[in-house]
Every structure is written in structure tokens, then in C-alpha cells.
Amino acid sequence: MKKLLFTTLALVLPLLSAVAQEVTPHWTVDENQWNHETILYCDLSDDPATDTFEQENYEVAAFIGGELRGTGVYHSDNGLVYFEVRIKGDLTDDNDKAITMKAYNKTTGLEYTLSLAADVTLSYDGESHGEASTPVHLYIKEITSISLPESITISKGETVDLTGYITVEPEGIALETDLVWDFANSADYISVSSDNKLTGEAVTSADGVYLGLSAGTTLSAYTNVIVTNAATGIAIKEDYKLIKVAKDDTEGLTTMLAEAYELTPEDATETIVWAIEDETIVQDLAPVAVGYKPIKVGKTKMWAQIMDDDNQVRLSAELTVEVYIPVEGVSFDFGDEIDKIHCN
């Protein structure tokens, strides 16, 4: 009895192992929805072509109007390597509609839209295209890396589309795979929706908080998100609408400018840029140093400005700086003696 049990197990376990190792296809079509089909025999190559490209590492699928209509069966027979794709449809509703071919890299987990030769078009017609010996050639150009900017700055309550911040190499390839965002340790400050929208939830430090990105199994990037509290208004304090400062008193002028404005709301976090009407009177020391130097006697207007993402002025407030030369001392010489002073 024990021998029979062991024998049975020996036969069943390999079968269970094979079932466990069976890979679920990336795409699955419900073929019962349509009564007709267009058949495509095609092969796949990378662009630019390499000798190490392996077609069996890919799944191929056909789409009409963004709807999945067929998946490819990979064949490698008698020296012929190709995919057989049965594209389901309706001859009345789908006739002459363009067919889009896609590939899925089973190693990287990335999807790609495939291209055809310049003189080849593919549309639904209920016919057969290509043959096992002369397949239609499909080309794939794959992403080698993705990156994000060093930092992303948004306002508290602001929502932005993160896909616009992603750089793909080589350029011009669409990143079609679902994106996974890692912000578990930053959830008090930011959130990311399923459609890749970033929202600032709370104000961060100047260093920001971590946001990671992964696409498929091989591509990743990260950035720091800085959340600010955007100002809705800026005004010059009454005591600073006219600033009088001695010539060459850089420290004094710089300090007064830093204290001259107030933001709405009070806890807004913004970078203030000062614009100068007459730079022969007041000089911006940037980029050599931080500060403003009164270099000539006279008056000039200055504006405290907050810029938008396109470097255009979003908010502005005006004051006047008057530069003077201080009188250091006055002396009078009345001679050696004064006998009398007459007042009439």
C-alpha cells in the first residue's frame, strides 16, 4: 500500500509542479464576442536590430480602437520563427479599421506599441496577412532607462500630473506600462492617485520628501517633492514703502528688504525675487553674493515678486528706495574769542 502511495505521488507531483510553473498570459481575449477574424503571421525584431534579440521572450497582441482583439501564438518550427495572431472582429462594424500591434516583454514587464515598415499598413478585412515563411515584420524599440527631476515643487492643495515629469531614454518612446509610485514614508505630505496625479497634502521642509517610481521590473527613478504653502497675496508694510538707506550700506538695505513685505496667508512659503527699476542706484549682487547694494545717490522703485512655474510674475508689490550720503559731522570756527553776541 505504501509503495502504491509513493508511486502515485511520484506521478502526480511533476504534474502539479508543471501547473504551478505555468505562466498566466499578459493578455487574454474573449473570442466568443466576435464571429469573424483577420489572421496575421508576423515576426518581431528590435530597432535597431541586434543578434541577441529573442522573440520567445515576448507576447504579441492586436488592438482595434484600443480594444484587445487577438493574441499571438509563438511558433518555432523547422527553422521558421513567427507569431500567429487571430484578430477577432465583425466584418460590418470593423471593416477597414486600423489594427494596432503591441508587445509585452515578459522579462521587464513593459508594454510597447509596435511599428511596421514604412510601406505597410494593417487594417481589419477578414483576410490573412503574411505567411509562416514570409511573416509581416513588426519592430520594437525598447526603453533603457527612466528618470525624474532632482526635485518637484508644488503648493499645498495643488495637484499635478506626474507623467509630465518622466524622462524616457531613448527619447520618443511611450511609457505604456502601469506606473507604481512609492510614497509610503511621505504619506503625511503627499499623495499619488491611480492615474498618476500628485497632490501636496502638507508643507514639507526645504529638502522635501521621497517619491519613488518603478515601471515593470527593471526601470526605476526617484525625486524629492517639496510642498510649499502658496501665497495668495503680497503687500509692502507701511513703514517700508519708502526705504532710506546710506550709500554702500548693503547689509542695511538687504535686511530692510527682507522685512519689508508680508504674505497672505501669513504662513505662506514663497521665494521672493526683487526687481529694480534703476540698477545704477541699487545693484543686485547675485550671483556672486546675496544682497542689494545702494551704489549711487537717488531714488528707484523696487518690486517684491513671486514667480509662477513659467517664470512669469504671479504676485508683486512696490516700494521706493532712496539712497543718500550721510553727513558724518559739522564743525564751526569762530576764531579765538567771542566777546559779544548781539541778538536783534
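Predicted model only: the values in this text are computed from it and were never measured.
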Atom pairs and distances, side-chain donor-acceptor, residues 207-216, under 3.5 Å, sequence neighbours left out:
none

Take atom CD of Glu176 as the centre, draw a 6.0 Å sphere, and report whether it contains more than 12 heavy atoms from other residues, nucleotides or ligands. yes
Within the structure provided, determine whether Leu175 and Ile146 are in side-chain contact (heavy-atom separation under 4.5 Å). yes
Return the set of residues passing side chain to side chain donor-acceptor pair (under 3.5 Å) with [X] (not counting sequence neighbours), or none when no residue passes.
X      : answer
Lys141 : none
Asp284 : none
Tyr74  : Glu56

Sub-3.5 Å donor-acceptor pair from the side chain of [X] to the main-chain atoms of [Y], do we have one?
X      : Y      : answer
Thr134 : Gly130 : no
Ser186 : Ile190 : no
Asn105 : Gly109 : no

Does one side chain, of [X] or [Y], offer a donor that lies under 3.5 Å from an acceptor on the other?
X      : Y      : value
Thr107 : Asn57  : yes
His137 : Asp43  : yes
Ser191 : Glu201 : yes

When rounded to the nearest 0.5 angstrom, what is the spacing between NZ in Lys296 and OG1 in Thr280?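 The distance works out to 3.5 Å.
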One should read off an interatomic distance between Tyr82 OH and Ser133 OG, to the nearest 0.5 angstrom, of 9.5 Å
Under 30°, 30 to 60°, or over 60°: which ring-plane class applies to Tyr104 and His26, parallel, tilted or perpendicular?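 The rings of Tyr104 and His26 lie parallel, inter-plane angle below 30°.
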Determine all donor-acceptor pairs shorter than 3.5 Å in which one atom belongs to a side chain in residues 65-72; sequence neighbours excluded.
from	atom 1	to	atom 2	distance (Å)
Glu67	OE1	Arg69	NE	3.2
Glu67	OE1	Arg69	NH2	3.2
Arg69	NH1	Lys88	O	3.1
Arg69	NH1	Asp94	OD2	2.8
Arg69	NH2	Asp94	OD1	3.3

Contacts table for residues 232-242: side-chain donor-acceptor under 3.5 angstrom, sequence neighbours left out:
from	atom 1	to	atom 2	distance (Å)
Thr232	OG1	Thr264	O	3.0
Lys237	NZ	Glu259	O	3.1
Glu238	OE1	Lys241	NZ	3.2
Tyr240	OH	Glu259	OE1	2.9

